[in-house]
Visitor: 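Sending over a structure as structure tokens; questions will come in a sec.
Index from 1, following the sequence.
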Amino acid sequence: MEKRWHLSLALLLLLFTSTKAQTVKTITMALPAQTLSITVLRPANDVYTYLSAPANFSEWAAGLCKSITPSAQPDTWNIVMANGNNATVRFTPYNAFRVLDHYVYPPSGQEVYMPMRVLDNGNSSEILLTVYRQPDMTDEVYASDLKTVKRDLEKLKTVLEQKTQ
């Protein structure tokens, strides 16, 4: 009887460890990242409603685009980037969590992930945007990108706070 118990335990351990080994994914090197935030004196739902309309991005996100137009693909838009190049942006669909992630596809074809959130901050909002340093970026280019995103967030704050409350 005791031998069967040990055998059963050994089989369970073998099953557990082999299943666990199959679900572990290879870890790749993480990209350096910086999350920028800005407080906006508007309720979070108002801020999210404005930001969830991709057409509004060209009003405040000069670092991302000069212009933005819908494409034939759902939740995907065509943009003319600040440098004049054409690109595509895919936005997270409208959701109850105020997640505004977007994925930029510049001419190089490399996906650039931009996580963005709107959080409650009393009667105001906190907007968070994470900027990942891409593998081919120099320190200077990354610093410039961060500066551009900060400037865009400040413009967004101005635009939103000037809207009728």
Side-chain angles (χ1 to χ4, degrees), residues 25 27-165:
K25 295 183 179 175
I27 298 174
T28 59
M29 191 166 136
L31 296 173
Q34 187 168 349
T35 299
L36 306 174
S37 69
I38 195 161
T39 303
V40 175
L41 303 177
R42 293 293 304 273
N45 285 336
D46 292 353
V47 171
Y48 179 74
T49 297
Y50 173 81
L51 287 171
S52 66
N56 291 333
F57 271 65
S58 62
E59 186 176 356
W60 64 271
L64 174 65
C65 64
K66 291 189 212 180
S67 67
I68 184 166
T69 56
S71 78
Q73 303 291 341
D75 302 314
T76 303
W77 294 68
N78 298 315
I79 63 171
V80 176
M81 298 172 62
N83 63 10
N85 290 333
N86 293 320
T88 304
V89 180
R90 182 172 51 88
F91 291 92
T92 302
Y94 190 88
N95 60 82
F97 306 105
R98 298 191 203 113
V99 171
L100 296 155
D101 294 357
H102 45 288
Y103 304 80
V104 181
Y105 301 93
S108 68
Q110 177 184 345
E111 179 182 87
V112 179
Y113 174 51
M114 302 290 296
M116 189 174 187
R117 308 286 186 273
V118 177
L119 309 176
D120 281 311
N121 186 354
N123 291 332
S124 298
S125 306
E126 203 65 29
I127 301 172
L128 290 84
L129 180 64
T130 300
V131 181
Y132 290 104
R133 180 178 171 169
Q134 299 305 305
D136 59 345
M137 279 186 172
T138 64
D139 290 343
E140 294 76 22
V141 170
Y142 186 55
S144 176
D145 274 5
L146 290 170
K147 186 177 177 182
T148 298
V149 171
K150 286 178 188 176
R151 187 173 52 244
D152 286 351
L153 290 174
E154 289 166 5
K155 172 71 175 181
L156 176 60
K157 175 182 175 68
T158 300
V159 167
L160 287 167
E161 290 179 356
Q162 288 176 352
K163 293 202 175 288
T164 306
Q165 298 190 29

Visitor: For Leu64 and Val104, what are the C-alpha separation, side-chain angles and deciding distance, and is it a side-chain contact (heavy atoms from CB on, under 4.5 Å)?
Guide: CA-CA 9 Å; Leu64 174 65; Val104 181; 3.7 Å; yes
Visitor: Which heavy atom of Gly63 sits nearest to which heavy atom of Ala82, and what is that distance?
Guide: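 Smallest heavy-atom distance, with atoms named: O-CB, 4.1 Å.
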Visitor: Quick test of your reading of the model: are Lys163 and Asp46 salt-bridged, counting only N-O distances below 4.0 Å?
Guide: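 So Lys163 does not pair with Asp46 through a salt bridge.
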Visitor: So does Ala44 get a backbone contact from the side chain of Ser125, meaning a donor-acceptor N/O pair under 3.5 Å?
Guide: yes
Visitor: Tell me whether the rings of Tyr48 and Tyr94 are parallel (<30°), tilted (30 to 60°) or perpendicular (>60°).
Guide: tilted
Visitor: Whether the side chain of Tyr142 engages the backbone of Val131 through a donor-acceptor N/O pair (distance < 3.5 Å, no angle test) should be reported.
Guide: yes
Visitor: Just by modelled atom types, is the Met137 backbone N or O under 3.5 Å from a matching donor or acceptor in the Arg133 side chain?
Guide: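 Checking the backbone N and O of Met137 against the side chain of Arg133, a donor-acceptor pair under 3.5 Å is found.
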Visitor: Would you say the side chain of Lys157 lies within less than 4.5 Å of the side chain of Trp60, judging by non-hydrogen atoms?
Guide: no
Visitor: Any side-chain donor paired with an acceptor under 3.5 Å for Gln134 and Tyr113?
Guide: no
Visitor: Salt-bridge test for Arg98 and Asp120: reply yes if a basic N is under 4.0 Å from a carboxylate O, no otherwise.
Guide: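 Salt bridge present between Arg98 and Asp120.
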Visitor: Is there a side-chain contact between Val112 and Tyr105 (heavy atoms, below 4.5 Å)?
Guide: no
Visitor: Set out, in order, the CA-CA distance, both residues' side-chain angles and the distance that settles side-chain contact (heavy atoms from CB on, under 4.5 Å) for Asn86 and Ile79, then state yes or no.
Guide: CA-CA 6 Å; Asn86 293 320; Ile79 63 171; over 6 Å; no
Visitor: Run Thr92 and Asp75 through side-chain contact (heavy atoms from CB on, under 4.5 Å) and show every step you take.
Guide: CA-CA 7 Å; Thr92 302; Asp75 302 314; over 6 Å; no
Visitor: With rounding to the nearest 0.5 Å, note down the distance linking CG in Asn85 to OG in Ser108.
Guide: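 Separation between the atoms: 9.5 Å.
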Visitor: With a 3.5 Å distance limit and no angle check, can you tell me whether Asp152 reaches the backbone of Lys150 through a side-chain donor-acceptor pair?
Guide: no
Visitor: When you compare the side chain of Leu156 with that of Leu51, does any pair of heavy atoms fall below 4.5 Å?
Guide: yes
Visitor: Could you measure the distance from the OG atom of Ser37 to the CG atom of Leu119? Nearest 0.5 Å is fine.
Guide: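 One finds 9.0 Å between OG of Ser37 and CG of Leu119.
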Visitor: Would you call His102 and Pro115 a side-chain contact if the rule is heavy atoms closer than 4.5 Å?
Guide: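 The answer is no, as the side chains (C-beta and beyond) never meet within the 4.5 Å cut-off.
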Visitor: Name the residue from Val47, Thr39, Asn121 that meets the side chain to side chain contact (heavy atoms under 4.5 Å, CB included) definition with Ile127.
Guide: Val47
Visitor: Taking the side chain as C-beta and beyond, is there a heavy-atom pair between Ile38 and Glu154 under 4.5 Å?
Guide: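 In short, these two side chains touch, coming nearer than 4.5 Å.
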Visitor: Working to the nearest 0.5 angstrom, can you tell me the gap between Thr69 OG1 and Asn78 CG?
Guide: 4.5 Å
Visitor: Should Trp77 and Pro70 count as side-chain neighbours, where that means a heavy-atom distance under 4.5 Å?
Guide: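 Yes. Closest side-chain heavy atoms under 4.5 Å.
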Visitor: Between Thr148 and Leu146 (side chain of the first, backbone of the second, donor and acceptor by atom type, cut-off under 3.5 Å), is there such a pair?
Guide: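 No; judged by distance alone, with no hydrogens or angles, the pair does not exist.
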Visitor: Does Arg90 pair with Glu111 as a salt bridge, N-O distance under 4.0 Å?
Guide: yes
Visitor: Would you sort out whether Met116 and Val99 count as a side-chain contact (heavy atoms from CB on, under 4.5 Å), showing the intermediate values?
Guide: CA-CA 6 Å; Met116 189 174 187; Val99 171; over 6 Å; no
Visitor: Let me see the working for Phe91 and Tyr103 under ring pair (Phe, Tyr, Trp, His ring centres under 6.0 Å), right down to the final yes or no.
Guide: CA-CA 7 Å; Phe91 291 92; Tyr103 304 80; 9.4 Å; no
Visitor: In this structure, are over 12 heavy atoms from other groups packed under 6.0 Å from Asn123 atom CG?
Guide: no
Visitor: Quick one: does Asp145's side chain get under 4.5 Å of Lys147's, heavy atoms only?
Guide: no
Visitor: Determine whether Pro106 and Met81 make a side-chain contact, defined as any pair of heavy atoms from C-beta on separated by less than 4.5 Å.
Guide: yes
Visitor: Among Leu100, Thr35, Asp101, which one satisfies side chain to side chain contact (heavy atoms under 4.5 Å, CB included) with Arg117?
Guide: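 One option only clears the test, and that one is Asp101.
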Visitor: Considering non-hydrogen atoms only, spot the tightest contact between Asn95 and Pro93 and give its length.
Guide: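 The pair with the smallest heavy-atom distance is ND2-O, 2.9 Å.
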Visitor: How long is the span from the CZ atom in Phe57 to the CD1 atom in Ile68, to the nearest 0.5 Å?
Guide: 7.0 Å
